[in-house]
Number of protein chains: 2
Amino acid sequence: MAKNPAGRPARAPRRTSGLSRDLIIRTAIGILDEGGESALTIRALTIRLSTGYGALYHHVADRNDLLTGATDEIITGVLSGTATDTDPRAALRALALGLFDAVEAHPWVGRELSREPWRPALLDFYEAVGRLLDALAVPEDALFDAAGTFMSFVLGAGAQSAANASHLAAATTDRDTFLGATAGRWSGLDPSKYPFVRATVTRLRAHDDREQFLAGVDIFLRGVAGDA
Amino acid sequence: MAKNPAGRPARAPRRTSGLSRDLIIRTAIGILDEGGESALTIRALTIRLSTGYGALYHHVADRNDLLTGATDEIITGVLSGTATDTDPRAALRALALGLFDAVEAHPWVGRELSREPWRPALLDFYEAVGRLLDALAVPEDALFDAAGTFMSFVLGAGAQSAANASHLAAATTDRDTFLGATAGRWSGLDPSKYPFVRATVTRLRAHDDREQFLAGVDIFLRGVAGDA
DNA sequence: ACCTGAACACCGTTCAAGT
DNA sequence: ACCTGAACACCGTTCAAGT
């Protein structure tokens with residue numbers, strides 16, 4: 001149905017409801033969630049929104065704007081859903097876990113944040129972390145290093161977990177098969193050269209990214225403010 | 001000089017020295033270092049190697065193979081240059097700093113590692129970390145979480161620092177101007193809403209990524225095995 | 001076996017033209 | 001003001017043809 005028989009170019013029905021940056025970003029998030037970063041093409045967006053290229057470019061600057069806008073939207077959602085007025089340790093755990101879960105749910109966010117860190121939405125996150133560490137009585141001259149370290153760890157763990165999630169999605173197999181294959185590959189390594197990796201294998205099947213992440217948060221908290 | 005006047009297609013002089021996967025990867029690293037991931041096009045590679053498309057595809061599978069191969073090469077270099085037979089704490093610091101410096105020197109490596117974690121070369125890194133943590137008398141049931149956390153932090157901090165480095169390269173300005181602009185932007189934030197971010201501003205100009213990274217490593221070491 | 005380069009099927013983005 | 005879609009300048013990859 002690309003052309004009509006009369007030779008006049010076919011014309012898609014004009015949208016009745018107006019386009020908006022918000023609608024475009026939300027649609028982009030849908031495409032990103034389904035197919036990852038590479039699935040977000042301008043063409044795919046025009047089709048899903050049944051509109052033209054120019055219409056999109058009227059509301060967003062370019063594809064990059066689309067990606068940062070989508071990322072901001074996700075991060076903002078994390079913060080608005082997390083209470084920070086409880087015990088500082090609990091609040092830091094909740095904040096970290098909120099970002100971690102968001103990145104697991106939207107694996108493309110992790111890579112986006114490593115491309116464009118210090119987006120406005122992440123600034124709110126950093127601010128909250130800083131205040132909570134201050135409330136934990138972290139000495140002032142250690143506060144900035146501690147906050148930066150916390151951000152690096154949370155984003156790093158999120159990105160890594162997201163990468164696993166992406167590979168999981170790419171492999172059409174389920175999680176156990178994927179981990180099993182990894183374990184199998186690692187088992188094939190020379191035991192004398194890779195004793196630790198091989199010891200990890202026996203744990204891998206029961207491995208829970210989220211639990212390991214929380215264990216990491218606790219290591220950080222102990223390191224930064226004595227025993228958690 | 002696309003065509004010669006006689007209408008016969010111009011033909012580039014045939015390479016005298018043979019192509020090899022190794023030469024291709026090394027050339028790719030050069031392009032990546034100069035222009036980042038987007039600069040690595042197959043066309044750019046053929047030009048720099050004065051060869052054709054098919055020649056490249058004869059030695060590497062595709063662009064992805066090029067990227068992972070280049071990343072492996074860098075990571076392998078880090079490990080071969082780091083001694084791990086000293087005091088475990090010192091060795092962990094050296095190992096972490098080696099990866100951090102490599103990512104700073106080759107910013108594209110950080111994003112690549114977040115796309116393809118657990119490359120063989122990183123396995124060696126993980127193995128070394130696990131053994132060193134064991135040598136630090138980290139209890140066995142905490143060893144795997146600790147090693148994973150360490151990896152996440154090192155990769156996360158590296159990626160973040162690399163993102164800064166990329167922006168620094170994109171902005172043709174120097175580091176002080178860039179940090180000054182960021183500080184200026186942050187200073188404009190509502191002081192009652194962002195007290196911590198604003199307090200960070202005064203530190204930002206004197207900020208040293210490498211020092212903050214080492215401070216983070218020490219937080220981790222304290223958290224994982226008592227006072228460092 | 002190794003290499004060449006035209007050709008193909010995509011991209012993001014622009015812009016004259018429509019309402 | 002908002003939208004359409006042909007056109008442009010790129011991509012990565014393939015493959016018949018050369019040596």
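Only this structure's heavy atoms are used, side chains among them; waters, hydrogens and symmetry mates stay out.
For the segment residues 28-40 of chain B, no residue has any heavy atom less than 4.0 angstrom from an atom of DNA chain C. Near-neighbour residues of DNA chain C inside residues 58-68 of chain A, defined by a heavy atom below 4.0 Å, number-ordered: A/Asp62, A/Arg63.
The aromatic rings of B/Phe213 and B/Phe100 sit parallel, their planes meeting at an angle under 30°, below the 60° perpendicular limit. Between B/Trp118 and B/Tyr126, the two ring planes are perpendicular [angle over 60°; tilted spans 30° to 60°]. B/Phe144 and A/Phe196 have parallel rings, their planes meeting at less than 30° on a 0 to 90° scale where 60° marks the start of perpendicular.
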Where do B/Leu79 and B/Leu95 land on the side chain to side chain contact (heavy atoms under 4.5 Å, CB included) test, with the steps shown first? CA-CA 7 Å; B/Leu79 271 155; B/Leu95 218 46; 4.1 Å; yes
Test side chain to side chain contact (heavy atoms under 4.5 Å, CB included) on A/Leu214 and B/Asp145; report intermediate values, then the result. CA-CA 9 Å; A/Leu214 281 174; B/Asp145 288 344; over 6 Å; no
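The interatomic distance linking B/Leu45 (CG) with D/dT13 (P) rounds to 12 Å, in whole Å. The interatomic distance linking B/Ile24 (CD1) with D/dG12 (C1') rounds to 15 Å, in whole Å. The CG-P distance, from B/Leu56 to C/dT4, rounds to 9 Å in whole Å. Regarding B/Ile47, its CD1 atom lies at a distance of 13 Å from the C1' atom of C/dG5, rounded to whole Å. Rounded to an integer number of Å, the gap from OH of A/Tyr57 to C1' of D/dG5 is 13 Å. B/Ile42 has its CD1 atom 18 Å from the P atom of C/dC10, to the nearest Å.
The nearest heavy atom of DNA chain C to A/Gly54 and to A/Arg43 marks one nucleotide each, and the one closer to the 5' end goes with A/Arg43.
For A/Glu112 and B/Arg111, the salt-bridge test fails: no basic side-chain N is under 4.0 Å from an acidic carboxylate O. Between A/Arg63 and A/Glu37 there is a salt bridge, since a side-chain N of the basic residue sits under 4.0 Å from a carboxylate O of the acidic one. Look at B/Asp124 and B/Arg119 and you find no salt bridge, because none of the NZ, NE, NH1 or NH2 atoms lies under 4.0 Å from a carboxylate O. Ion pairing of B/Arg210 with B/Asp101 is present here, as a side-chain N (NZ or NE/NH1/NH2) and a carboxylate O approach within less than 4.0 Å.
In this structure, the side chains of A/Asp72 and A/Leu122 stay at 4.5 Å or more apart for every pair of heavy atoms.
Considering only the side chain of B/Thr41, D/dG12 comes nearest among C/dC11, C/dA6, D/dG12. Candidate nucleotides D/dT4, D/dG12, D/dA6 were compared by shortest atom distance to the side chain of A/Tyr53, and D/dA6 ranks first. Nearest nucleotide to the B/Ala55 side chain, out of D/dT4, C/dG12, C/dC3: C/dC3.
Base-pairing analysis of DNA chain C finds the following stems of at least three consecutive Watson-Crick or G-U pairs, with both pairing distances under 3.5 Å: C:4-8 with D:12-16, C:12-16 with D:4-8.
Separating the CG atom in A/Leu49 from the OG atom in A/Ser20 is a distance of 9.0 Å, to the nearest 0.5 Å.
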